[in-house]
Amino acid sequence: MDTKRNQLIENVRQGISGAEKRQRVLEIAAKLIDDFSEDFNWTGFYMMDGDVLRVGPYVGPVTEHTVIELNRGICGAAASQKKTVVVDDVRSDSRFLACSIHTRSEIVVPLMDGDTVIGEIDIDSNRPSNFSADDREMLEAVAKVVVARLRRLPQ
């Protein structure tokens, strides 16, 4: 992973270290992640609430998908499978829940607390095939940093 990606991981670690509320941790992390690339057009969190995902803090246009059932959409698939899902062309993936007609690619990274999915990072891009293996590695590291901070805060 390159210096810029490692720097984002460290920026998130430092940025959220003083946040005392879960919502604030997610707000700071979403903003820092979004600032990483001008090709990130919607960057945010969905958090588990029972057996559905509820939209959390995000940067980007308003989404109509504020609640997503498990196994529905790319977000639901990532949470159900407990693994990162990268879609290079959302137009060719029947699971895609369109928030914007301009979105071309998406990455969803689960926030894993042990074997439990507590939420996920979701990023859309208007560029096809926008997310590299290095982006995946970086975002999976960011997810671990976020989970570590959330563990130290009250529910």
Side-chain angles (χ1 to χ4, degrees), residues 1-87 95-100 103 105-126 130-131 134-155:
M1 206 170 6
D2 62 25
T3 304
K4 182 180 176 190
R5 287 177 175 82
N6 281 317
Q7 187 62 56
L8 173 64
I9 297 164
E10 187 55 31
N11 288 350
V12 171
R13 184 182 333 277
Q14 290 178 12
I16 67 176
S17 67
E20 296 299 326
K21 302 227 183 260
R22 299 171 72 81
Q23 182 81 0
R24 187 67 182 136
V25 167
L26 301 176
E27 288 170 355
I28 293 166
K31 174 80 169 92
L32 290 169
I33 297 165
D34 189 70
D35 286 347
F36 176 79
S37 174
E38 62 187 36
D39 292 319
F40 293 179
N41 302 106
W42 194 99
T43 304
F45 289 91
Y46 281 90
M47 301 304 290
M48 290 300 304
D49 182 13
D51 56 357
V52 298
L53 293 158
R54 290 199 187 276
V55 72
Y58 66 90
V59 177
V62 173
T63 179
E64 64 187 67
H65 302 290
T66 59
V67 178
I68 299 175
E69 297 170 12
L70 296 181
N71 290 313
R72 186 160 181 263
I74 296 165
C75 288
S80 297
Q81 297 169 12
K82 300 182 179 186
K83 67 178 188 173
T84 299
V85 176
V86 179
V87 178
R95 300 173 297 180
F96 179 64
L97 300 174
C99 292
S100 166
T103 299
S105 59
E106 182 174 15
I107 186 169
V108 182
V109 180
L111 300 176
M112 300 297 300
D113 189 0
D115 290 333
T116 303
V117 176
I118 62 168
E120 56 194 22
I121 300 168
D122 179 22
I123 304 174
D124 294 350
S125 174
N126 292 352
N130 188 62
F131 303 102
D134 285 343
D135 291 332
R136 178 186 187 139
E137 182 181 359
M138 170 189 74
L139 292 167
E140 287 173 345
V142 167
K144 289 178 183 174
V145 168
V146 169
V147 169
R149 182 67 189 139
L150 292 176
R151 275 190 198 126
R152 293 191 294 272
L153 297 174
Q155 291 285 344

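Taking the side chain as every heavy atom from C-beta outward, Asp122 and Phe45 never approach each other to under 4.5 Å. At a threshold of 4.5 Å between non-hydrogen side-chain atoms, the residues Glu20 and Leu153 count as touching. Counting heavy atoms from C-beta on, the side chains of Ile9 and Val145 come closer than 4.5 Å. Within the 4.5 Å cutoff, the side chain of Tyr46 has no heavy atoms near those of the Val108 side chain. Looking at heavy atoms from C-beta onward, Thr116 lies out of side-chain contact with Met48 at the 4.5 angstrom threshold. Using a 4.5 Å heavy-atom threshold, the side chains of Met112 and Val117 count as touching. No side-chain heavy atom of Asp35 sits less than 4.5 Å from a side-chain heavy atom of Val59. A 4.5 Å side-chain heavy-atom check between His65 and Val55 finds every atom pair outside the cut-off.
Comment: Glu10 does not engage Arg5 in a salt bridge, judged by the lack of any side-chain N to carboxylate O separation of less than 4.0 angstrom.
The shortest heavy-atom contact between Val12 and Leu32 is CA-CD1, 3.8 Å. Of all non-hydrogen atoms in Leu53 and Ala79, the two that sit nearest each other are CD1-CB, 4.0 Å. When every heavy atom of Ala78 is checked against every heavy atom of Pro110, the shortest pair comes out as O-CG, 3.7 Å. Nearest heavy atoms, Arg151 versus Asp113: NE-OD1, 2.7 Å. The heavy-atom pair separating Ala30 from Thr43 by the smallest distance is O-CG2, 3.7 Å. Taking both residues in full, the closest heavy atoms of Arg24 and Ala19 are given as CG-CB, 4.0 Å, listed atom of the first, atom of the second, then distance.
Separation of atoms CD (Glu140) and CD1 (Ile107) is listed at 7.0 Å; rounding is to 0.5 Å. Atom CG of Leu150 and atom CD1 of Ile118 lie 5.0 Å apart (nearest 0.5 Å). Atom SG in Cys75 sits 13.0 Å away from atom CD in Glu69 (nearest 0.5 Å). Rounding to the nearest 0.5 Å gives a distance of 7.5 Å between CD1 of Ile33 and CE of Met138. Atoms OG1 and CG, from Thr84 and Asp135 in turn, are 11.5 Å apart once rounded to the nearest 0.5 Å. In this structure, Ile28 CD1 and Asn11 CG are separated by 12.0 Å, a value rounded to the nearest 0.5 Å.
Between the side chain of Asn41 and the backbone N or O of Asn126 there is at least one donor-acceptor pair closer than 3.5 Å. Not a single donor-acceptor pair under 3.5 Å links the side chain of Ser80 to the backbone N or O of Ala77.
Using a 3.5 Å distance cut-off with no hydrogens or angles, the side chains of Ser105 and Asn130 do not pair a donor with an acceptor.
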Open item on the list: As a quick check of understanding, evaluate salt bridge (charged side-chain N to carboxylate O under 4.0 Å, His left out) for Glu27 and Arg22, giving each step before the final call.
Closed with: CA-CA 9 Å; Glu27 288 170 355; Arg22 299 171 72 81; over 6 Å; no
Task: salt bridge (charged side-chain N to carboxylate O under 4.0 Å, His left out) between Asp115 and Lys82, worked out - done: CA-CA 8 Å; Asp115 290 333; Lys82 300 182 179 186; over 6 Å; no
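With sequence neighbours left out, Phe131 forms a ring pair (Phe, Tyr, Trp, His ring centres under 6.0 Å) with Phe40.
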